[in-house]
Amino acid sequence: MRVYIAAPWAHRDKAKAASVLFEKAGHKITERWWDHKDVGQTEMEAAADEMERQAKADVKGVYTADHFIFLNLAYSEGKCVELGMALSEGIPIVAVGKRGMNVFHYHPRLLWVNTVEEAIEQLQRKRT
């Protein structure tokens, strides 16, 4: 299955580590956003072309995924935008961690699990 892994930019190392586990289980990652160039807050306007390229790649990654993996490690506007896109497209969502104060964390289409390994188990069940 093709999966998109969403997580806060500050926790991109954890998203990358999760991607290794998903790939070992036979899944394909649709976008490796954690490998994007790090554009600092003060450089964003000067790097508008790069930010646009990254945004387009991430949108494509979400929309081409069979499943959306939501790593709820900390507050992040980006992962919440991606969650909204997955919800609007009807992409199945497995959320890892604990629900926060975001109302969409309580949407019935989110399947909450405690660990990345549990998320992988859920996808393996869907394969059979």
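The figures that follow rest on heavy atoms only: side chains count, while hydrogens, waters and symmetry mates do not.
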Without hydrogens or angle criteria, can the side chains of Glu118 and Gln122 be said to hold a donor-acceptor pair below 3.5 Å?
no
Kindly assign one of parallel, tilted or perpendicular to the pair Trp33 and Trp9, based on the angle between their ring planes and the thresholds 30° and 60°.
tilted
Could you check whether any side-chain N or O of Arg2 sits under 3.5 Å from a backbone N or O of Ile29, counting only pairs where one atom can act as donor and the other as acceptor?
no
Between Cys80 and Tyr75, is there a side-chain heavy-atom distance shorter than 4.5 Å?
no
Look at the side-chain heavy atoms of Ile, Leu, Val, Met, Phe, Trp and Tyr, link any pair under 4.5 Å apart, and say whether Val113 and Val20 land in one connected group.
no
Distance, nearest 0.5 Å, that separates CZ of Arg53 from NZ of Lys37
9.5 Å
Kindly state whether the ring of Tyr4 and the ring of His67 have centres lying under 6.0 angstrom apart.
no
Look at the side-chain heavy atoms of Ile, Leu, Val, Met, Phe, Trp and Tyr, link any pair under 4.5 Å apart, and say whether Leu110 and Val103 land in one connected group.
yes
Strictly below 4.0 Å, N to O, side chains only: are Lys79 and Glu82 in salt-bridge contact?
no
Using a 4.5 Å cut-off on heavy atoms from C-beta on, say whether the side chain of Met85 contacts that of Phe68.
no
Would you say that Arg99 contacts Asn72 through its side chain, given a criterion of any heavy-atom pair below 4.5 Å between the two side chains?
no
Test side-chain hydrogen bond (donor to acceptor under 3.5 Å, both in side chains) on Asp66 and His27; report intermediate values, then the result.
CA-CA 10 Å; Asp66 298 314; His27 302 288; over 6 Å; no
When hydrophobic residues are tied together by side-chain contacts of less than 4.5 Å, even through go-betweens, does Leu21 share a cluster with Val94?
yes
Pair Asp38 + Arg12, salt bridge at N-O below 4.0 Å:
yes
